[in-house]
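Take a look at the structure set out below.
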Amino acid sequence: MTRLTGFELKKILQKKIVWITFAIFLVFQLFLTCGAYFIASRYVDGKFLETKADWFKTDRRNSEKLSGRKIDNTLLAEIEESQKYIPEKDGERESYEYLSSGEYNNKVRPYEIISRLVQSMAGGIENEGKTSALVQEMLYSARHKKQEIIYDDYKLSKAEKEYWREKEKELPEVFTYKYGGVYENIIDMGGCYYICMFITFFIAICITSIFTDEHIRRTDQLILCTKYGRWQSYTAKIMAGSIVTIGATLILSGITLACFIGIYGTGSFTAMVQVVIAPLYPGNISAGKTAIIMVLLLFLSSVVLSIVTMVLSELLKSNTGTMAIVIAVAFLLARLAAIPADFKFIGKIWHTIPINLLKADEGFFDLRLWNVFGIKFTLWQMAFFAYIVIGIVFFFIGKRKYCKYQAGGR
């Protein structure tokens, strides 16, 4: 089996299309991850303000200074004081004179990250989102009100609402801000989401031919009558395709992680997701744990998608048809189609598709629950089970088709 798998791996890696496709996606990922850091600059009113590298460094330095501070009356009072230096007119706030001034850079900018967080937590609720005169009781009260609105937007049942209200009780009454660093960016679009997108295209382009090549070239008559048998040949192909997919995912993830650490630093593993990326999420989970879970889901979904793709290619005997289905369903349709909140069951399935699940503001932090024999699971918890089952089902469907195929029957 090892020799057969090695042979299939060699066949895959000898194809130029595999290396060219991977190189293109690697360049895209590098550009999206750190391209702006090295080549972009900020211009205001036609004047140079700062490089993107300086922008990132300044925001990182300000965030690290605030890291570890409680978002309480003391910090809110400091934010309120900083607001006094912001011009009243919106146009003046984006002017070169203001953004390059010492007042902005020394008194306003250091608190911007917390100001945006406060606005996300309380903005729009009876004007309580305004930093001016905001006290911590008003802030967290407004946050709870916004949560109730989101529960209704998701069309949550009474049991689901109670589940999240109990989870909310596990959170501290007063949040502590911690800098998310690398963990925030892994969770955000530039991390797992983009890697999932590129791996989906890589699988669609490079993995579809593993089974179809032997049918197209009419070599299946030789391969299917070898002494190792069809079962061993089929398993070797599946393993080879999965190994290539894991390798591609690992390289993209490793390079992305290295870039994020270099630009944003490690940050705090224990930072609450509420102060990093999801201010209204009621679950008690840290940014570090969220990042690990999303990376595990990324690798598992990549392997399962490669198995599904290989099996479809064996069923259809067509590279083009399989490629079209994978790209259309796993990416285009999944991203373009919006499922109304009233269709809860379909919506939960839709947001469990990897490209949706790994987008934090859609799938991973979706509040709808799966109820299995009285036990409630979030979408990402259910995804681990669903992906494994789908992988196993498609594996045996493909095995049955491959082992019963007759070369002379085409």
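Side chains are part of it too, since the values below use all heavy atoms of this structure and drop only hydrogens, waters and symmetry mates. Sequential numbering from 1 along the given sequence is applied to the chain's residues.
Between the side chains of Ser268 and Thr270, a donor-acceptor pair is found at a separation under 3.5 Å. Under 3.5 Å, the side chains of Tyr402 and Ser233 contain a donor-acceptor pair of N or O atoms. Side-chain atoms of Ser41 and Lys52 include no donor-acceptor pair closer than 3.5 Å. Under 3.5 Å, the side chains of His351 and Asn356 contain no donor-acceptor pair of N or O atoms. For the residue pair Thr5 / Lys237, no side-chain donor-acceptor distance below 3.5 Å is found, with atom types taken as modelled. A donor and an acceptor atom, one from each side chain of Glu80 and Tyr111, are nowhere located under 3.5 Å apart.
The 12-atom threshold is exceeded at CD of Glu137, counting heavy atoms of other residues, nucleotides or ligands nearer than 6.0 Å.
Taken to the nearest 0.5 Å, the CG atom of Leu75 stands 10.5 Å off from the OG1 atom of Thr176. Interatomic distance, Glu314 CD to Leu312 CG, rounded to the nearest 0.5 Å: 11.0 Å. Taking CD1 from Ile12 and CD1 from Ile210, the interatomic distance works out to 3.5 Å, rounded to the nearest 0.5 Å. How far CE of Met272 is from OH of Tyr177: 13.0 Å, rounded to the nearest 0.5 Å. To the nearest 0.5 Å, atoms CG (Leu156) and CD (Glu162) are separated by 11.5 Å. Rounding to the nearest 0.5 Å gives a distance of 6.5 Å between CD1 of Ile263 and OH of Tyr37.
For Asp188 (side chain) and Gly190 (main-chain N/O), no donor-acceptor pair under 3.5 Å exists by modelled atom type. Between the Gln29 side chain and the Ile255 main chain, no donor and acceptor come within less than 3.5 Å of each other. Side-chain atoms of Asp54 never come within 3.5 Å of backbone atoms of Lys57 as a donor-acceptor pair (strictly under, hydrogens ignored). When atom types are taken as modelled, the side chain of Tyr179 and the backbone of Tyr264 share a donor-acceptor pair closer than 3.5 angstrom. In this structure a side-chain-to-backbone donor-acceptor pair under 3.5 Å is present from Ser82 to Ile79. Under a 3.5 Å cut-off, the side chain of Lys348 and the backbone N or O of Leu369 do form a donor-acceptor pair. With hydrogens and angles ignored, the 3.5 Å screen pairs a side-chain donor or acceptor of Ser101 with a backbone N or O of Tyr98. Proximity of a side-chain donor or acceptor of Glu168 to a complementary backbone N or O of Asn284 within less than 3.5 Å is not detected. Side-chain atoms of Trp19 come within 3.5 Å of backbone N or O of Leu13 as a donor-acceptor pair. A donor-acceptor pair is defined here as one N or O able to donate and one able to accept, closer than 3.5 Å; no such pair exists between the side chain of Glu166 and the backbone of Tyr163.
Taking both residues in full, the closest heavy atoms of Thr352 and Ala383 are given as CG2-CB, 3.8 Å, listed atom of the first, atom of the second, then distance.
The one candidate from Thr309, Leu305, Val303 that meets the side-chain contact (heavy atoms from CB on, under 4.5 Å) condition with Ile307 is Val303. Considering Arg69, Lys70, Lys107, Lys65 as possible partners of Glu78, the one that fulfils the salt bridge (charged side-chain N to carboxylate O under 4.0 Å, His left out) test is Arg69.
Taking the six-membered ring for Trp, Phe211 and Tyr234 have ring centres closer than 6.0 Å. Residues Trp350 and Phe345 keep their aromatic ring centres 6.0 Å or farther apart. Separation of the Trp370 and Phe377 ring centroids does not fall under the 6.0 Å cut-off.
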Step by step, would you call Lys146 with Ser120 a side-chain hydrogen bond (donor to acceptor under 3.5 Å, both in side chains)? CA-CA 10 Å; Lys146 290 189 74 172; Ser120 298; over 6 Å; no

Tyr281 vs Leu367, test: side-chain contact (heavy atoms from CB on, under 4.5 Å). Steps then yes/no. CA-CA 8 Å; Tyr281 186 67; Leu367 299 179; 3.8 Å; yes

Evaluate the criterion ring-ring contact (aromatic ring centres under 6.0 Å, His included) for residue pair Phe48 and Tyr43; output intermediate values, then yes/no. CA-CA 5 Å; Phe48 172 80; Tyr43 287 85; 5.7 Å; yes

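The pair Arg165-Glu148 meets the salt-bridge criterion, since a charged nitrogen lies less than 4.0 angstrom from a carboxylate oxygen.
By the 30° and 60° cut-offs, the orientation of the rings of Trp380 relative to Phe384 is perpendicular. Ring geometry, Tyr183 versus Phe269: the interplanar angle exceeds 60°, so the pair is classed perpendicular (tilted spans 30 to 60°).
Here the side chains of Leu66 and Asn62 are not in contact, with every heavy-atom distance at 4.5 Å or above.
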